[in-house]
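Only one structure is covered here, and it is reproduced in the block below.
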Amino acid sequence: MNLRLSLIGFLLALLALSHSGCFGDEPVQTHYGRVAPPNSQEFRWSDGGLPQIVDPAFAAAPPDTDLVRAIFEGLTDYDPRTLKPVPGVATRWESSRDGKVWTFYLREDARWSNGENVTAQDFINSWTRTVKLGDSAPHTELLRNIEGANNPASLPTQISKVESRTPAPPATPLPSPPKIEFGAEAVSDLVLRVRLERPDINFPSLVAHPVFRPIKVKDESKRIETTEVVSNGAFQLAGAENDRVMLRRAEHYWGKSDVQLDRVAFVDTKNAESALAAYRDGQVDAVTNAAFEPLAIKLLAPYKDFRRATYGAITYYSFNTTHEPFDDVRVREALAIAIDRERISLDGLGGVTQAAKKFLPDEMTESNRPVVGKSDLLERDVARAKELLAEAGFPDGQGFPRLKLLINRNEQQRLVAQSIAAMWKAALNVDTEIVIKNWDDYEAAIRAGNYDIVRRGLVMQTTDELTNMRMMFRRDEAALASFQTESTATADVSENPDEGRTSEDPIESEEQALRQLKAVPIYFASSYALVKPYVVGFDSNVLDAPSLKTVRIDTNWRAPQLARLGSPRDVQKSNR
């Protein structure tokens, strides 16, 4: 609390000083702090700390993922504005009619930083290694739709040449356990074919994620080269100091002529307070992933170099469908549309989140994916909620059991839970017991099925709809299936064997999620950034994944002529 008060006081002082020229003969400041373009193409970035991990398999979040995207390149990349997949190592791709087989054609001039060619087998070796790492790699789940990826112990060892895929059999064949064939095949050095378990029309978007980017893997080892980081991206590591990690433009990158920056410096500014001070003084060119307080956001909002964007991180409530009456979709829908999401975001959370009336942000909608219609959105409708609850056998909430809402110990989540519980009581006459547990106990309660509704959260790693839906619902479906199996094993099911069970298909689309309502979305997070006006091409997006390949410094940038205001009355007139 003292740190928070200190930060708020610091912000007030800084912003008061920066606005000190609003009266008298000084011009109004439209940008926060000092704005002086450097004379070189060096981008100084405060990204919430210093990168610690250079391995795509282990990069979990910024700044590690931002570093990986800069020094490694995948089959595809994201257009930083639209988030549509664009060519990376692959120049083009095509799919089978059913969307289960994808073929990627690699460019001939793709090179590692040591000058060697990037091949299809490099991707297979890297993906196989990641799958075998299992849960120790944070985003292995993203590869699970590739055939064979769910059986990592049976995957073949890594190989370095395409020709070695079919070695000659030994003179005396020995019996061996059958191998599960991995669904990634090097047709040739420049052609990679991938077979999926389930159709995915957005697979080229998925493989833009850092976990799919290749590394140099030794023939018989699972480790990345440690003597020197061999990479294949637009930048490569140039060195590290106590307060910064340096990158330089890669000499062997196929698109070197299109990369404008010569150097990138990840600068360690310790915390939000020092990040703001460094930005104000012109020591860094951009600040992202800083833990700004709501008051700081309001004070920074008027400046032109302050950005706010919807972030693909959702908070949602998931139902235990093995508990009555939550196995009834009418009950789930009634609870879902009794929630005033706008009020929660604006009032309860100070306007720093965005109300979620569906599971994916609008910014993730792609032209090749069905758009969820307005009629499908979870708008608040108390009258309809009451009708649904009455149809389910609980008119005016009569006979409805006291529901158990499980949340992890977090002050913000406690306030949200209390607000939602009050809405359910006022609209439906439903009582709620809010159960707050520390993280380990919270996870244990989920595994034991000891809840009716549980608070969940997901940071989306991709715009791929199938992957996001599977990550959102698969873990709870697996836990509930396990819990239900254990429960029915000891229960007498002869009287009513179907009681309490649901027959819905696994959720693999947003349309299914809104129809089945095994969970209800509450709100999306927001991301914030400060970016100097002379920085061009540093684009914000819903994945919070800017591309350094498109960034340049406009060394000729000059501030526009600002009006000079002579009195507070002039300021008021100018704001009308």
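All values reported here derive from a predicted model rather than from experimental measurement. Heavy-atom basis, side chains included; hydrogens, waters and symmetry copies ignored.
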| query | Should Met471 and Leu142 be marked as a side chain to side chain contact (heavy atoms under 4.5 Å, CB included) after you check the CA-CA gap, both sets of side-chain angles, and the distance that decides it? | reply | CA-CA 8 Å; Met471 292 183 70; Leu142 299 180; 3.4 Å; yes

Quick one: are the ring centres of Phe43 and Phe235 less than 6.0 Å apart? no

Next on the checklist: Before you tell me yes or no, could you show the steps for Leu247 and Leu67 under side chain to side chain contact (heavy atoms under 4.5 Å, CB included), namely the whole-Å CA-CA distance, both residues' side-chain angles and the distance that decides it to 0.1 Å?
Outcome noted: CA-CA 9 Å; Leu247 310 182; Leu67 174 69; 3.5 Å; yes

Minimal heavy-atom distance between Tyr528 and Phe292, with the atoms involved, is CB-CD1, 3.9 Å

- N-O pairing of Asp77 and Arg213 below 4.0 Å: yes

Does CG in Asp281 sit with more than 12 non-hydrogen atoms of other residues, nucleotides or ligands closer than 6.0 Å? yes

Closest non-hydrogen atoms of Met469 and Ala513, given as atom of the first, atom of the second and distance, are SD-CB, 4.0 Å

Can any side-chain N or O of Asp262 pair as donor or acceptor with the backbone N or O of Gln41 at less than 3.5 Å? no

Using side-chain heavy atoms (C-beta onward) and a distance below 4.5 Å, is Thr140 in contact with Asp135? no

- Task: Mind telling me whether Tyr279 and Tyr32 have parallel, tilted or perpendicular rings, with 30° and 60° as the class edges?
- Result: parallel

query = Do Thr555 and Asn39 meet the criterion of a side-chain donor-acceptor pair at a distance under 3.5 Å?
reply = no

Next on the checklist: Could you tell me if the side chain of Lys298 sits less than 4.5 Å from the side chain of Pro294, heavy atoms only?
Outcome noted: no

- [ ] May I ask you to check whether Ser113 and Gln236 show a side-chain donor-acceptor distance below 3.5 Å?
- [x] no

- Item | Distance-only side-chain donor-acceptor flag, Asp66 / Trp45, under 3.5 Å | no

**Prompt:** Is Thr467 close to Asn145 at the side-chain level, that is, under 4.5 Å between some pair of heavy atoms?
**Reply:** no

Student check: side-chain heavy atoms of Ile314 and Met460 closer than 4.5 Å: yes

If only atom types and distance count, is the side chain of Arg308 paired as donor or acceptor with the main-chain N or O of Ala301 below 3.5 Å?
-> no

Would a 4.5 Å heavy-atom cut-off, applied to side chains only, mark Val416 and Thr315 as touching? no

All heavy atoms of Pro56 vs all of Val54, minimum pair found to be CD-O, 3.6 Å

message = Using a 3.5 Å distance criterion without hydrogens, assess whether the side chain of Glu465 forms a donor-acceptor pair with backbone atoms of Glu510.
response = yes

Stepwise side chain to side chain contact (heavy atoms under 4.5 Å, CB included) test for Val551 and Val535
CA-CA 7 Å; Val551 176; Val535 176; 4.0 Å; yes

query = Has Glu443 got more than 12 heavy atoms of other residues, nucleotides or ligands less than 6.0 Å from its CD?
reply = yes

Practice item. Answer with yes or no whether the side chains of Tyr78 and Thr462 bring together a donor and an acceptor at under 3.5 Å. Key: yes

Side-chain (Asp55) to main-chain (Ala57) donor-acceptor, under 3.5 angstrom:
yes

The reported gap from CG in Leu206 to CZ in Phe212 (rounded to nearest 0.5 angstrom) is 4.0 Å

Taken to the nearest 0.5 Å, the spacing of Lys84 NZ from Thr76 OG1 works out to 13.5 Å

Item to complete: Look at the side chain of Thr463 and the backbone N and O of Met364, then say whether any donor-acceptor pair between them is shorter than 3.5 Å.
Response: no

Self-check item: Minimum side-chain heavy-atom gap Ile420-Ile522 below 4.5 Å
Solution: yes

query = Do NZ/NE/NH1/NH2 and the carboxylate oxygens of Arg111 and Glu251 come within less than 4.0 Å?
reply = no

To the nearest 0.5 Å, atom CG of Leu106 lies from atom CZ of Phe123 at 5.5 Å

Exam field: side chain Asn232 to backbone Glu73, donor-acceptor pair closer than 3.5 Å: yes

When every non-hydrogen atom of Asp122 is compared with those of Lys216, the smallest separation belongs to OD1-NZ, 4.4 Å

Between Arg470 and Asp200, is there a side-chain N and carboxylate O pair less than 4.0 Å apart? no

- prompt: Are any of the side-chain nitrogens in Lys256 or Asp258 under 4.0 Å away from the carboxylate oxygens of its partner?
  reply: no

Separation between CG (Asn410) and OH (Tyr442), nearest 0.5 Å, reads 10.5 Å

key: Expected output: side-chain Asp64 to main-chain Ile53 donor-acceptor under 3.5 Å   = yes

Item to check | Test item: Gln52 and Pro63 side chains (from C-beta on) under 4.5 Å apart, heavy atoms | outcome: no

Distance-only check: which donor-acceptor pairs under 3.5 Å involve side-chain atoms of residues 86-94, not counting sequence neighbours?
from, atom 1, to, atom 2, distance (Å)
Thr91, OG1, Tyr105, O, 3.3
Glu94, OE2, Tyr105, OH, 2.8

Taken to the nearest 0.5 Å, the spacing of Thr288 OG1 from Arg307 CZ works out to 10.5 Å

Point to revise | Any donor-acceptor N/O pair, Lys532 side chain to Ala36 backbone, under 3.5 Å | key: no

For Pro85 and Ser205 the tightest heavy-atom approach is CD-OG, 3.3 Å

Validation row: Gln461, Val211 side chains within 4.5 angstrom (heavy atoms): no

Side-chain donor/acceptor of His139 to backbone N/O of Ala60, under 3.5 Å
yes

- Item | Derivation of the side chain to side chain contact (heavy atoms under 4.5 Å, CB included) call for Ser345 and Thr353 | CA-CA 5 Å; Ser345 289; Thr353 63; 3.0 Å; yes

What one should report as the nearest heavy-atom pair of Leu261 and Leu548 is CD1-O, 4.1 Å

Between Arg69 (side chain only) and Ala208 (backbone N and O only), is there a donor and an acceptor less than 3.5 Å apart?
no

d(Tyr253 OH, Trp112 CH2) to nearest 0.5 Å is 13.0 Å

Parallel, tilted or perpendicular: which describes the rings of Phe203 and Trp102, with under 30° parallel and over 60° perpendicular? tilted

